[in-house]
Amino acid sequence: MKLRNFLYLNTKVIEDYTASIDGYTYDEESQAIATSSENTLAGKGAIGFASGNGSHIGKQSEEVKRSVRISNAAKFEKLYKYLESDEDDGLKYFESLSDTDYDALYRDDFLEVLVTARFSKMKELTDSVKKIAELAAIFETITDQQILDKNATEAVNGFSALGQIKSGKEIACVFEFDDKKYPLVAYLDESYFRCRQDSFVGQAYLLCKIVRKVPKGQSIKLDEIFDGVKKLPLNRAQRRNMPKNMDNPAELRDVIKGPAFVVLPIAVYQ
């Protein structure tokens, strides 16, 4: 059994998959444990027993029942073993990918990969600005002096507003091999993190399911600010009045070029 430190664990997906494997799901089970005890002496004690003045009672046994909770880690291990044992559609492990490997992978394949994670540029920038604002507030309290001028304060407020727009939504994350080829794009639910988000970025194992392949010549734009506006059902006149370029500013532009993958993240662990 592999011992894992989970950084991210999608418990809903694991519940759904284990329910499909078993035909049911449960959180607790009963265990019966046999225990035994031995009474060695009765009567006058050890010295008397040695001289034949005591008696040996013998062993007594009993069964103790207890209710135990099935941990999420145990459910994951069951799913992992099931995928390993599936000869046709089982788990595929990679630390890098070749062109041949990429061509042989398809939608719904399960992968375990050793990769390095990074969040989208927008999240990284808005998180950094948030930390700067917090530090500035601390220094201003200590020194009683204004650290950020008017322009800097407006910039911080602007990035904070962008952060609020993305708050509560799935977090775009890019997982890359050491050679930076064939990146995997995933969208993480904040409720499934098992660590601080600033401790999440770095090399780890990712267990995932391929949602789709992004072929060469195509790309994915992460955290597009005006993506929702672009999808509005506007008439021709309204579209003419819209700005021609509604892409993110250069500082926030994050484009993942194919060949790549969009994946469903099941777990990230070390």
Side-chain angles (χ1 to χ4, degrees), residues 1-22 24-29 67-86 90-95 108-131 134 163-178 183-211 220 222-223 254 256 260-270:
M1 177 187 294
K2 295 180 180 179
L3 300 179
R4 301 176 177 88
N5 172 33
F6 289 100
L7 308 178
Y8 179 90
L9 191 62
N10 190 327
T11 53
K12 181 183 183 305
V13 168
I14 291 171
E15 287 280 355
D16 290 345
Y17 287 169
T18 52
S20 297
I21 295 168
D22 294 332
Y24 59 87
T25 183
Y26 59 94
D27 290 325
E28 294 185 357
E29 67 179 9
S67 179
V68 296
R69 186 169 184 83
I70 310 301
S71 69
N72 291 323
K75 294 175 184 178
F76 173 86
E77 183 66 22
K78 184 170 190 174
L79 172 63
Y80 188 89
K81 288 182 177 179
Y82 174 82
L83 293 174
E84 275 192 318
S85 65
D86 190 337
L91 190 61
K92 300 174 177 65
Y93 177 79
F94 297 100
E95 294 186 5
D108 293 336
D109 280 348
F110 287 90
L111 306 179
E112 184 183 27
V113 290
L114 180 61
V115 283
T116 299
R118 74 162 177 86
F119 293 128
S120 68
K121 290 182 180 179
M122 177 182 287
K123 178 172 173 55
E124 290 177 345
L125 188 55
T126 53
D127 285 353
S128 297
V129 170
K130 181 180 177 181
K131 291 178 181 178
E134 291 172 349
Q164 289 297 319
I165 291 174
K166 299 300 297 180
S167 179
K169 298 181 180 179
E170 290 183 320
I171 299 172
C173 187
V174 182
F175 295 89
E176 295 180 308
F177 296 104
D178 286 342
L184 300 93
V185 177
Y187 296 91
L188 307 175
D189 188 319
E190 287 190 271
S191 62
Y192 296 135
F193 278 92
R194 302 286 290 269
C195 67
R196 289 168 52 93
Q197 290 183 20
D198 55 7
S199 302
F200 178 82
V201 174
Q203 191 176 62
Y205 295 96
L206 166 69
L207 181 73
C208 61
K209 181 180 180 181
I210 297 176
V211 175
I220 305 170
L222 303 182
D223 286 346
D254 200 350
I256 305 302
F261 299 93
V262 177
V263 300
L264 171 66
I266 300 172
V268 179
Y269 45 87
Q270 294 174 333

Please find the pair of heavy atoms, one from [X] and one from [Y], that lie closest to each other, and give the distance.
| X | Y | result |
| --- | --- | --- |
| E176 | P183 | CG-CB, 4.2 Å |
| V201 | A117 | CG1-O, 3.0 Å |
| P265 | C208 | CA-CB, 4.2 Å |
| V13 | L264 | CG2-CD2, 4.2 Å |
| K75 | T18 | O-CG2, 3.7 Å |
| Q270 | Q203 | NE2-O, 3.4 Å |

Quiz item: Regarding Y269 and K2, is there a side-chain donor-to-acceptor distance under 3.5 Å anywhere?
Solution: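 No pair is found: no donor N or O on one side chain lies under 3.5 Å from an acceptor on the other.
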Quiz item: Under 3.5 Å, is there a donor-acceptor pair linking the side chains of D254 and S120?
Solution: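 No.
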Drop me the distance from [X]'s [atom1] to [Y]'s [atom2], to the nearest 0.5 angstrom.
| X | Y | atom1 | atom2 | answer |
| --- | --- | --- | --- | --- |
| L91 | L111 | CG | CG | 7.5 Å |
| F110 | I266 | CZ | CD1 | 5.0 Å |
| E170 | Y192 | CD | OH | 9.5 Å |
| D178 | L114 | CG | CG | 7.0 Å |
| L222 | I171 | CG | CD1 | 12.5 Å |
| T11 | R194 | OG1 | CZ | 8.5 Å |

With sequence neighbours excluded, tell me which residues meet ring-ring contact (aromatic ring centres under 6.0 Å, His included) with [X].
| X | answer |
| --- | --- |
| F175 | none |
| F193 | Y8, F200 |
| F177 | none |

Exercise. Take L83 and L79 through the side-chain contact (heavy atoms from CB on, under 4.5 Å) test and state the conclusion after the steps.
Key: CA-CA 6 Å; L83 293 174; L79 172 63; 4.2 Å; yes
Exercise. Can you label the angle between the F76 ring and the F6 ring as parallel, tilted or perpendicular, going by 30° and 60°?
Key: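 Because their plane-to-plane angle is over 60°, the rings of F76 and F6 count as perpendicular.
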Practice problem: Answer yes or no: does atom CZ of F94 have more than 12 heavy-atom neighbours from other residues, nucleotides or ligands under 6.0 Å? | Solution: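 Yes, the 6.0 Å shell around CZ holds more than 12 heavy atoms from other groups.
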Exercise. Measure the shortest side-chain to side-chain distance between N10 and D189 over non-hydrogen atoms and say whether it is less than 4.5 angstrom.
Key: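 Result no, sub-4.5 Å side-chain heavy-atom pair not found.
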Self-check item: SB check K78 D22 (cutoff 4.0 Å)
Solution: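 Yes, charged N to carboxylate O under 4.0 Å.
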